[in-house]
*Asks:* 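Encoded as structure tokens, here's the structure I'll be asking about.
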Amino acid sequence: MGLNVVRGFRSIFVAVIWLGLTACAALAQFETKAARAFMIDAETGTILYAKDPDATFPPASLAKLMTMEVVFEALKSGRVSRETTFQVSEHAWRTGGAPSRTATMFAAIKSFVPLGDLIQGAVVITANDACIVMAEGISGSEAKFTEAMNERAKQLGLTRSVFVNPTGLPADGQSVTARDLVTLARHIWQAYPEFYPLYAQSEYKWNNINQQNRNPLIKLGIGADGLATGFAEGSGFGIVASAEGGGKRLFLAMSGLATEKERVDESRKLIEWGMRAFRKIDIFAADEAVGEAKTFGGEKSHVKLAAHGPVSLLVPAENRDKVIARIVYEGPVEAPIQAGQPVGRLKIWVGDMLTQETPLYAAESIGVGTLSQRTLDAIEELAIGWLR
């Protein structure tokens, strides 16, 4: 009976936490010419800037970030190695090689190229032939590799992005969002530290042709160390970038810029603003109880919740505004409950902007309560659950 009752009345619970903090409203004070922009702090995940971040647009070469995630995962899992060689097919040569007049590493048709060199070609100079050769070599065809791209995108939480090929060359239905691209870039940095430095490599030489890194921010002296640029007809110039300095690492994505110069200027301004305009505050220590969630049928009426690590937040340095935190979970949480079990999320707002979400887990184990405890919980849910 109790199980049916809790399922019938299961709903979203929201608990407000009083932090006693204030921060500034400067989030709205920065303006950019980009049609879409999104920037976060890498360590805390704090959203520092957002302008239409969930609008979709053609990725162009920015799609190669998803291509490289699939390649890096294949390397990490041991399915391939840097020494694995793949042959340059005629399709790869014509579509992405010298005849294509697109970004290319000039790999010779029918030649065999080690995966380590193909990776550098794809990362440093966004070579289309390198991406096609890797896709065909790892999955047998571009189509099968693209299936893997979309499956990995779902696993990583890229909720609105769809990939049609590994190069980003024009294709119907191919689209990304600024938020998804930042999520992807941050994941690559976290999951593949041995490969991430390649994005800052200044140049790459293959087939006796030396080419410079296509990311214009690398040489500006602003701490930029990745990731990619792109251009698509109708959506303009775009960029996904990372930069480190002053104890911060930022990830940002921008698109809808009119010229290459505008792309450089606007991304540089956003990075410099992000570096200087925010300060870090610590909210909860590692394993510190953040709050509680209501239980159903347990030996305790509430379960303590905590994050897996410390919870910190970047807030603007001036012009103070309210910081509000809420625990959001689907409940009541049915017993038995195991310590470490996912329960909900801690959501933090600075002013009216949701700036951070942190997963919360049960900080303790709670067994099934007595018959009388379960009966009382069932009666309570029957009495007030429908009000939710």
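Quick note: numbers below take in every heavy atom, side chains included, and nothing from hydrogens, waters or symmetry partners.
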*Asks:* Within the distance-only criterion (no hydrogens, no angle test), does the side chain of K33 pair as donor or acceptor with the backbone N or O of E262 below 3.5 angstrom?
*Replies:* no
*Asks:* I need the L65 CG to Y199 OH distance, nearest 0.5 Å.
*Replies:* 5.0 Å
*Asks:* How about K64 and T67: does a side-chain donor come under 3.5 Å of a side-chain acceptor?
*Replies:*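 Absent: no donor and acceptor within the cut-off.
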*Asks:* Can you measure from CG (L270) to CZ (F38) and round to the nearest 0.5 angstrom?
*Replies:*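 The distance works out to 11.5 Å.
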*Asks:* Taking the basic N atoms (NZ, or NE/NH1/NH2) and the acidic carboxylate oxygens, is any pair closer than 4.0 Å for E272 and R268?
*Replies:* yes
*Asks:* Between R179 and D54, is there a side-chain N and carboxylate O pair less than 4.0 Å apart?
*Replies:* yes
*Asks:* Same hydrophobic cluster for V350 and I281, using side-chain heavy-atom links shorter than 4.5 Å among ILVMFWY?
*Replies:* yes
*Asks:* So for atom CG, which belongs to D172, do other residues, nucleotides or ligands contribute more than 12 heavy atoms lying within a distance under 6.0 Å?
*Replies:*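 Open: at most 12 neighbouring heavy atoms sit under 6.0 Å from CG of D172.
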*Asks:* Might you point out which heavy atoms bring S235 and R36 nearest each other, and give the distance in Å?
*Replies:*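 Scanning both residues completely, I find the closest heavy atoms to be O-NH2, 3.8 Å.
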*Asks:* If you measure only the distance, is there a donor-acceptor pair under 3.5 Å linking the side chains of N165 and T146?
*Replies:* no
*Asks:* Quiz question: by atom type and distance under 3.5 Å, do the side chains of E203 and Q211 form a donor-acceptor pair?
*Replies:*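 Absent: no donor and acceptor within the cut-off.
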*Asks:* To the nearest 0.5 Å, how far apart are CE in M149 and CG in L158?
*Replies:*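 CG of L158 is found 10.5 Å from CE of M149.
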*Asks:* Please check if the side chain of S267 supplies one atom and the backbone of V264 the other of a donor-acceptor pair under 3.5 Å.
*Replies:*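 Indeed, once roles are kept as given, a pair shorter than 3.5 Å links the two residues.
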*Asks:* If you count every heavy atom of other residues, nucleotides or ligands that lies below 6.0 Å from K248 atom NZ, does the total exceed 12?
*Replies:* yes
*Asks:* Between N215 and L217, is there a donor-acceptor pair closer than 3.5 Å when you use the side chain of the first and the backbone of the second?
*Replies:*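 Checking the backbone N and O of L217 against the side chain of N215, a donor-acceptor pair under 3.5 Å is found.
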*Asks:* Nearest 0.5 Å, please: how far is CG in L313 from OG1 in T46?
*Replies:*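 Interatomic distance, T46 OG1 to L313 CG, rounded to 0.5 Å: 4.0 Å.
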*Asks:* Look at the side-chain heavy atoms of Ile, Leu, Val, Met, Phe, Trp and Tyr, link any pair under 4.5 Å apart, and say whether I218 and F237 land in one connected group.
*Replies:*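 Result: no, two separate clusters.
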*Asks:* Strictly under 6.0 Å, is that where the ring centroids of W189 and F251 end up?
*Replies:*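 Between W189 and F251, the centre distance is under 6.0 Å.
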*Asks:* Before you tell me yes or no, could you show the steps for T104 and D129 under side chain to side chain donor-acceptor pair (under 3.5 Å), namely the whole-Å CA-CA distance, both residues' side-chain angles and the distance that decides it to 0.1 Å?
*Replies:* CA-CA 6 Å; T104 177; D129 50 356; 2.7 Å; yes
*Asks:* Establish, from distance only, whether the side-chain atoms of D180 and S161 form a donor-acceptor pair under 3.5 Å.
*Replies:*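 Side chains of D180 and S161: pair found under 3.5 Å.
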*Asks:* Which pair of non-hydrogen atoms, one from G245 and one from M275, has the smallest distance, and what is that distance?
*Replies:*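 That closest heavy-atom pairing would be O-SD, 3.3 Å.
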*Asks:* Which heavy atom in A178 sits nearest to a heavy atom in A37, and how many Å separate them?
*Replies:* CB-C, 4.4 Å
*Asks:* What I want to check is whether the side chains of T85 and E83 have a donor and an acceptor closer together than 3.5 Å.
*Replies:* no
*Asks:* State plainly whether the residues E73 and R152 are in salt-bridge range, i.e. N to O under 4.0 Å.
*Replies:* no
*Asks:* Keeping the roles fixed (side chain from S77, backbone from A74), state whether a donor-acceptor pair exists under 3.5 Å.
*Replies:* yes
*Asks:* Same cluster for V70 and V80 if Ile/Leu/Val/Met/Phe/Trp/Tyr side chains link at under 4.5 Å?
*Replies:* yes
*Asks:* Is the side chain of T167 donor-acceptor paired with the backbone N or O of L169 at a distance under 3.5 Å, no angle test?
*Replies:* yes
*Asks:* Do S202 and N213 pair up side chain to side chain, a donor and an acceptor below 3.5 Å, judged on atom types alone?
*Replies:*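 Absent: no donor and acceptor within the cut-off.
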*Asks:* Have Y196 and Q190 got a donor and an acceptor in their side chains that come within less than 3.5 Å?
*Replies:*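 No.
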*Asks:* Is F72 reachable from I132 through a run of I, L, V, M, F, W or Y residues, each pair having side-chain heavy atoms under 4.5 Å apart?
*Replies:* no
*Asks:* Looking at K269 and D265, is any side-chain nitrogen of the basic one under 4.0 Å from a carboxylate oxygen of the acidic one?
*Replies:*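 No salt bridge links D265 with K269.
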*Asks:* In plain terms, say whether R249 and E244 are close enough for a salt bridge, that is, a side-chain N and a carboxylate O under 4.0 Å apart.
*Replies:* yes
*Asks:* Does atom CD of Q155 have more than 12 heavy-atom neighbours from other groups under 6.0 Å away?
*Replies:* yes
*Asks:* I'd like to know if K300 and E364 make a salt bridge, using a cut-off of under 4.0 Å between side-chain N and carboxylate O.
*Replies:* yes
*Asks:* Once you round to the nearest 0.5 Å, how far does CD1 of I348 lie from OG of S312?
*Replies:* 9.5 Å
*Asks:* Closest heavy-atom contact between A130 and M105?
*Replies:* CB-SD, 3.6 Å
*Asks:* Looking at T56, is its backbone amide N or carbonyl O close enough to the side chain of T177 to form a donor-acceptor pair, meaning the two atoms are under 3.5 Å apart?
*Replies:* no
*Asks:* Taking all non-hydrogen atoms of both residues into account, name the closest pair between E266 and E31 and its distance.
*Replies:*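 Minimum heavy-atom separation between E266 and E31: OE1-O, 4.3 Å.
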*Asks:* Would you say N150's side chain and F163's backbone share a donor-acceptor pair under 3.5 angstrom?
*Replies:* yes
*Asks:* With clusters defined by side-chain heavy atoms of hydrophobic residues (ILVMFWY) lying less than 4.5 Å apart, directly or transitively, does V182 cluster with V162?
*Replies:* no
*Asks:* Side chains of T229 and R214: donor-acceptor distance under 3.5 Å anywhere?
*Replies:*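 Checked: T229/R214 side chains show no N/O donor-acceptor pair below 3.5 Å.
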*Asks:* Could you tell me whether the side chain of R263 and the main chain of G230 form a donor-acceptor pair under 3.5 Å?
*Replies:*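 Pair found, side chain donor or acceptor close to backbone of G230.
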*Asks:* Between F106 and W93, is the ring centroid distance below 6.0 Å?
*Replies:* no
*Asks:* Give, for atom OG of S175 and atom CZ of R160, the distance between the pair rounded to the nearest 0.5 Å.
*Replies:*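 Here the rounded value is 8.0 Å.
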*Asks:* Could you tell me whether a side-chain N or O of K51 sits under 3.5 Å from a main-chain N or O of A34, the two making a donor and an acceptor?
*Replies:*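 Looks like yes, one N/O pair under 3.5 Å.
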*Asks:* Look at the side chain of E299 and the backbone N and O of G367, then say whether any donor-acceptor pair between them is shorter than 3.5 Å.
*Replies:* yes
*Asks:* Do the two ring centres, one from F30 and one from Y49, sit under 6.0 Å apart?
*Replies:* yes
